[in-house]
**Student:** 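Here you go, one structure.
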Amino acid sequence: MITPLKALRKNRFKTSLIFLSMSVSIAAIFLISAISGGVVSMYSAMLKTDGDIIVTQKGIADTFFSDINRSLNDSILQIEGVKVSSAMILGAAPVDPLPIVGIYGVSENRFKSYPLKEGRYPKVGEVMLGSKIYETLKHPREVIISKKEFQVSGVFKSRIGFEDGGVVMNLSDGGELFHKSASIVLVSLEDLGQSDEIIGKINTLDAQIEAKTTESFIEQYNQFKIIQTSSDVIGAMAFLMGILGIVSMMSMVVSDRKAEFGIMRSIGLSSTAIILKLLGETLIIAIVAYVVALGVSFGVLELIEHADKFQGYINGEITSALMIQVFVISVVMALVGTFLPALYASRIDPVSLIQRGDV
Amino acid sequence: MTIEALGLEHFYGRDKVLNGVDVTIDAGSFTAIIGESGSGKTTLLSILSTLLQPSAGIVKYDGKIVSELGNIDRFRRHNIGFVFQFHYLISYLTLRENIALGAMEESRIETLLHSLGISKLSHRYSDEVSGGERQRAAIARALVNAPSVVFADEPTGSLDSKNALGVYELFRGFSCAGTGFVVASHDKKIADYADIIIEMEDGVVKDITK
């Protein structure tokens, strides 16, 4: 262990460049994965709140475009095995002076999902604000949403950023604002084992609707697939950039240390030993870069989460699974990026030490 | 150990630098290969030491043809040591760590440090000692695995005359103790210390003096 550390210290400038290159790549992978994972996780959590089954307009690509009749909620509540059912309107509108804010029109029985921090739940013509937007708007008594004024009845605190940075109102007010009866109905069951049977019953209520378990809806939701694919592509590019950075820097390192590897070859150290030596050195850099990138990513996510500009909508989530996944990616990045330069080092001809003296 | 070279020829591009060289070197001897620059002495040393494959001809170690040895790295590590004109010590390692770099076991290191007079410098880096001390460390590195033969190319080329003679004396001493030395040099003073002198000229052996 001492020898690789000494080698890294001796070549500290290039070591620093490799470290920086790796740190930036790893942090980029962490951030893009955490942010996209956070968006998916937040929206999923919102739908899963008292929602074992989700009912939307049939064949709709996005819940925001879904339009169903809110009276369905009453019919669903009559089905045996349904514990709670609540209709929701999901929309987005300008809330003066913010250009775009998540607006949630909900049936009264869903208000309890939003723990009040102060005030009371809204009546018609009133709204309650998430604590984040309440702070951003500097504690307003009324807000103007799409040119219509609403009194602020209360403030709630939600761990879901989309809600904490959003506005909740009565379903009827939401309907007027977005010109629809309801976007979705969320159904909570007495027993999850009955979900298939109840889904069947709900689907018979209206030919224009589609009921699914919330889990299966989330798995098939196109928006999530788009976010996930974009994140994977950007993450893959960061991975490749990291590898290219390591290859180019390690090639320079090997070139600088030709004499060292030539000597190793001349005294009989095997090619494998030389390759392992260089892989070991990069692995040390990768581990340190990983730790630093993890810390930087936590810091950046914290800044983003609290930045007014993002209204609390971007809550990056670095899970243990993501940490393990990115650690493996970092190790692979280091090993793949070092392999070719290391192979070249292992084949340096020691004769050049004797004949040319130019290694 | 006996090293035999038979019909060695070697080309660099179209230039023929060895032209039918036959030599036999006995274990435990101090052999000097001398000649003018371009005479082929360094190429001969490289081929004899297994670092370079000849264009034609064979090299045998105790009757075994080098090109037919399975693992040349392993063979080299067990049987051969090298000393170069420039010490080529690794700058981020101490003298002791340099010597230990290729050591199969570390038991000989202290003895070598002591016998080469650098035991007090063992924890210093190469840029903290003199040129002669660096070359002594390089000699210790070559001897650490108790090789049968050590090849040295112009080992005194970067030393002053006093240190150069000191190196020859060391070679002489170790060869008397059983380690063979094959040294390529243009320094004629080496003749005073060597058992066998192979004189090269224009890629052929001009003379062998015992």
**Student:** To the nearest 0.5 Å, what is the distance between CZ on B:R74 and OG on A:S270?
**Tutor:**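 One finds 11.0 Å between CZ of B:R74 and OG of A:S270.
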**Student:** Is B:D73 close to A:M264 at the side-chain level, that is, under 4.5 Å between some pair of heavy atoms?
**Tutor:**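 When only atoms from C-beta onward are counted, B:D73 and A:M264 do not touch, as no gap falls below 4.5 Å.
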**Student:** Let me know if B:L101 has heavy atoms under 4.5 Å from chain A in its side chain, its backbone, both or neither.
**Tutor:**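 Both backbone and side chain.
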**Student:** Look at B:R77, B:H78, B:M104, B:E154 and state which one has the largest set of heavy-atom pairs under 4.5 Å with chain A.
**Tutor:** B:R77
**Student:** How about B:E128: does its CD atom have over 12 heavy atoms from other parts shown lying under 6.0 Å from it?
**Tutor:**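 Result for CD/B:E128: enclosed.
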**Student:** Heavy-atom distances under 4.5 Å only: say whether A:R265 touches chain B with side chain, backbone, both or neither.
**Tutor:** both
**Student:** More than 12 non-hydrogen atoms from neighbouring residues, nucleotides or ligands closer than 6.0 Å to CG on B:D202, yes or no?
**Tutor:**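 Not buried by this count: 12 neighbours or fewer within 6.0 Å.
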**Student:** Examine the side chains of B:Y125 and A:K10 and answer whether a donor and an acceptor come within less than 3.5 Å of each other.
**Tutor:**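 Result is no, nothing qualifies.
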**Student:** Provide the closest heavy-atom pair for B:Y88 versus A:A259 in the form atom of the first, atom of the second, distance.
**Tutor:** CD2-CB, 3.9 Å
**Student:** Can you give me the closest heavy-atom contact between B:L51 and A:P350, atom names plus distance?
**Tutor:**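 In this case the closest contact between B:L51 and A:P350 is CD2-CG, 3.6 Å.
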**Student:** Under a 4.5 Å cut-off applied to non-hydrogen side-chain atoms, are B:F84 and A:I263 in contact?
**Tutor:** yes
**Student:** So, for A:K277 and B:Y92, which heavy atoms are closest and what is the spacing to 0.1 Å?
**Tutor:**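 Nearest pair, atom of A:K277 first, then B:Y92: NZ-OH, 3.0 Å.
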**Student:** Say you draw a straight line from OG of B:S46 to CG of A:D349; how long is it, rounded to the nearest 0.5 Å?
**Tutor:** 8.5 Å
